[in-house]
Novice: 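The structure is given below, and queries will be raised subsequently.
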Amino acid sequence: MNGAGQWFWSLVALACLLWYSTVVFFVTFRGAIDIRGMLERLRQGQLDDEEKLKDVS
Amino acid sequence: MSNFTWLDGSIVGVYLLATMAAGIMVRKYVGRVETFLVAGREMNVYLGIASLAATEFGIVTCMYTAQNGYDKGFAGATPGILFALAYVLIGRTGFCIEPMRQAGVMTLPEMFEKRFGERIRWMSGLVIIISGLLNMGIYLRMGGEFLIAVAGIPAQGHSLEIMMTLMLVAVAVYTILGGMLSVLVTDFLQFVVMSVGLIVVTILIIVKVGWGNLLNTVESHYGAAGFNPLVNPDMGWSFILFNSLVVVACVLTHQPVIQRVLSAKDSETGRKVFTRTSFFFVCRFVIPGIWGIAALATLPAGLIGENTRAAMPLYLSTVLPVGLMGLLVAAMLAADMSTDSSYLLAYGSVIYNDLLAPLRRRLRPTEKRGILWNRFIVAILGVFFLFYGLWYPLKGSVWAYLTITATIGFASMTTLLVSCCYWKRANSWGAAGAIIAGAVVPLSYLAMEQISATKGLAAWIGPNWSGIAAFAGSAVAMVVGSLLKPVAPGDREISL
């Protein structure tokens with residue numbers, strides 16, 4: 001029997017399921033906030049570019 | 001017989017519609033090439049975690065990690081632990097990725113030009129493309145094979161070709177329109193769907209088969225070799241050493257991975273993405289590995305034969321109930337679409353930014369035309385992957401194929417990157433030598449495997465020592481070449 005090996009991989013598998021479940025929960029909410037922020041900044045950048053073009057013309 | 005019903009089809013349909021709509025909607029924000037290729041460098045930490053995890057888990061990943069579980073037991077998940085260590089180490093220290101992000105480049109070869117000149121930029125771009133195309137060439141086929149097996153579609157007529165084409169079209173539409181921006185937004189949705197599917201299916205399998213039964217199956221089939229890679233006859237120290245080199249190289253130079261660092265708001269964000277995603281790479285090997293071991297425990301001996309990568313999809317097609325089958329197919333589609341879209345864009349960006357750099361200098365395309373070029377390149381790459389996947393006769397271990405083809409680019413690009421960042425004496429002679437040495441060794445090995453006269457020698461050398469030789473040869477060539485070149489007054493001995 002490979003007691004140590006079985007214990008090691010059992011703990012790794014348990015850690016995977018616990019860690020993954022937790023991360024999915026956090027990333028789902030925080031990631032959505034990140035996307036909104038990213039799109040807002042890009043939109044603002046586009047508006048700034050349009051302003052610059054108007055000033056030049 | 002598969003349990004795929006109209007309910008499962010509806011779940012998949014809703015997922016596909018939501019993803020496509022989100023991917024296409026953000027195209028209006030793409031006004032510049034930098035937005036198309038690196039999302040205007042506006043990516044934050046949690047979006048980065050979702051994107052990196054979704055990009056680096058495709059159906060091909062699921063297939064080879066499950067095959068590792070079926071063929072090697074839990075020891076087959078060892079590369080996952082090596083990956084996690086590499087991500088933590090590089091994320092914590094900022095080794096290479098900090099100067100890379102601070103250089104403000106869009107691709108790795110662009111960074112090399114600052115130190116080694118235009119020719120090396122072009123050469124390294126070519127090596128990345130050759131390695132990347134060979135590597136990604138089998139992704140669509142793996143995805144098609146998996147979905148056909150799980151959904152219980154008869155593998156006759158043109159079902160594989162149709163499935164691969166549908167997957168490619170679904171991915172290409174939003175990637176071509178929205179570039180990195182669409183990729184990031186869809187990666188986020190795909191990460192959520194993929195993760196829920198992976199967790200639920202794994203829990204169901206453990207409940208159904210029993211954890212003790214999984215352990216006993218590995219014990220009875222492989223003994224200690226199923227738990228300890230060092231006593232496994234197919235692994236051992238050479239496997240650990242080669243895979244350590246491959247995973248470090250992958251974290252540092254794999255274009256789809258570093259594109260997340262280059263899209264990050266700053267180098268600190270890029271480092272956090274690496275550190276916080278690190279443990280996902282253990283899950284990436286362990287979870288499908290459990291599926292592969294469950295197939296080993298459940299399927300009758302002799303049903304699978306030599307094509308062990310078919311075991312896991314066959315097992316899942318019979319074990320999952322209605323509804324959960326739809327969730328699994330949606331999860332796997334999500335995993336594959338996020339990977340395919342990221343890889344299409346990553347290699348497309350190297351073609352546009354580096355291989356076409358001489359042409360761009362002459363023609364000076366506008367931002368609008370630059371985006372058009374990129375869209376055209378992504379479309380051409382998609383067609384190439386479709387035909388390569390149908391044509392290439394993949395046999396044996398998928399993981400071995402992927403590591404060997406990746407080494408063509410990894411060995412030399414890692415040598416160039418480390419030298420570029422930390423060795424002031426490195427120059428274009430050394431860089432050229434490293435690129436040639438790093439590519440010649442794995443390509444020679446692949447050729448030796450195909451020629452009957454040298455097949456025996458290739459088997460004796462093995463993929464691990466061949467890969468180690470590529471890394472060592474590339475490093476030696478860099479040192480010797482750089483020391484041989486006389487230092488001229490105009491040489492760029494700069495520290496980035």
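Below, read A as the first sequence line, B as the second, and so on, with proteins coming before strands; counting in each chain starts at 1. Any value given below was found using the heavy atoms of this structure, including those in side chains, with hydrogens, waters and symmetry copies removed.
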Novice: A13(A) and W211(B): which non-hydrogen atoms are nearest, and at how many Å?
Specialist: CB-CH2, 3.5 Å

Novice: Is it the backbone or the side chain of L189(B) that comes under 4.5 Å from a heavy atom of chain A, or both, or neither?
Specialist: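 For L189(B), there is no contact with chain A at all, as no heavy atom is under 4.5 Å.
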
Novice: Between SG of C16(A) and CZ of F281(B), what distance do you get to the nearest 0.5 Å?
Specialist: 12.5 Å

Novice: Quick one: are W19(A) and F280(B) in side-chain contact, heavy atoms under 4.5 Å?
Specialist: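 Side-chain contact under 4.5 Å: yes.
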
Novice: Does the side chain of I35(A) come within less than 4.5 Å of L184(B)'s, by heavy atoms?
Specialist: no

Novice: If you measure from CD on E219(B) to CD on Q6(A), what distance do you get to the nearest 0.5 Å?
Specialist: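 Rounded to the nearest 0.5 Å, the CD-CD separation comes out at 5.5 Å.
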
Novice: Which region of L215(B), side chain (C-beta onward) or backbone (N, CA, C, O), has a non-hydrogen atom less than 4.5 Å from a non-hydrogen atom of chain A, or is it both or neither?
Specialist: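 Looking at L215(B), backbone and side chain both touch chain A.
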
Novice: Apply ring-ring contact (aromatic ring centres under 6.0 Å, His included) to F26(A) and list each qualifying residue two or more places apart in sequence or on a separate chain.
Specialist: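 Here no residue qualifies.
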
Novice: Is T35(B) close to chain A through its backbone or its side chain, or both, or neither, when contacts mean heavy atoms under 4.5 Å?
Specialist: side chain

Novice: Please flag which part of A77(B) lies under 4.5 Å from any non-hydrogen atom of chain A: side chain, backbone, both or neither.
Specialist: both

Novice: Side chain, backbone, both or neither: which part of V185(B) has an atom under 4.5 Å from a heavy atom of chain A?
Specialist: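 The answer is both parts of V185(B).
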
Novice: Considering only heavy atoms, which portion of F188(B) lies under 4.5 Å from any heavy atom of chain A: side chain, backbone, both, or neither?
Specialist: side chain

Novice: Can you check side-chain contact (heavy atoms from CB on, under 4.5 Å) on V192(B) and V27(A), steps first, answer last?
Specialist: CA-CA 8 Å; V192(B) 175; V27(A) 168; 6.0 Å; no

Novice: Got a sec, which residues hit side chain to side chain contact (heavy atoms under 4.5 Å, CB included) with D34(A), two or more places apart in sequence or on another chain?
Specialist: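 Result, side chain to side chain contact (heavy atoms under 4.5 Å, CB included) vs D34(A): N44(B), Y46(B), L47(B).
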
Novice: Under the criterion side-chain contact (heavy atoms from CB on, under 4.5 Å), I'd like the reasoning laid out for F191(B) against V24(A): C-alpha separation, chi angles, the key distance, then a yes or no.
Specialist: CA-CA 8 Å; F191(B) 171 78; V24(A) 171; 4.3 Å; yes

Novice: Check whether S195(B) gets within reach of chain A through its side chain, its backbone, both or neither, counting any heavy atom under 4.5 Å.
Specialist: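 Both the backbone and the side chain of S195(B) come within 4.5 Å of chain A.
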
Novice: Using non-hydrogen atoms and a 4.5 Å limit, figure out which bit of L39(A) sits close to chain B: side chain, backbone, both or neither.
Specialist: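 Interface part for L39(A): both.
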
Novice: Does any part of the side chain of W9(A), heavy atoms only, come nearer than 4.5 Å to the side chain of V218(B), both counted from C-beta?
Specialist: no

Novice: Sort I290(B) into side chain, backbone, both or neither according to what part of it lies under 4.5 angstrom from a heavy atom of chain A.
Specialist: side chain

Novice: Could you look at F8(A) and say if it's the side chain, the backbone, both or neither that has a heavy atom under 4.5 Å from chain B?
Specialist: side chain

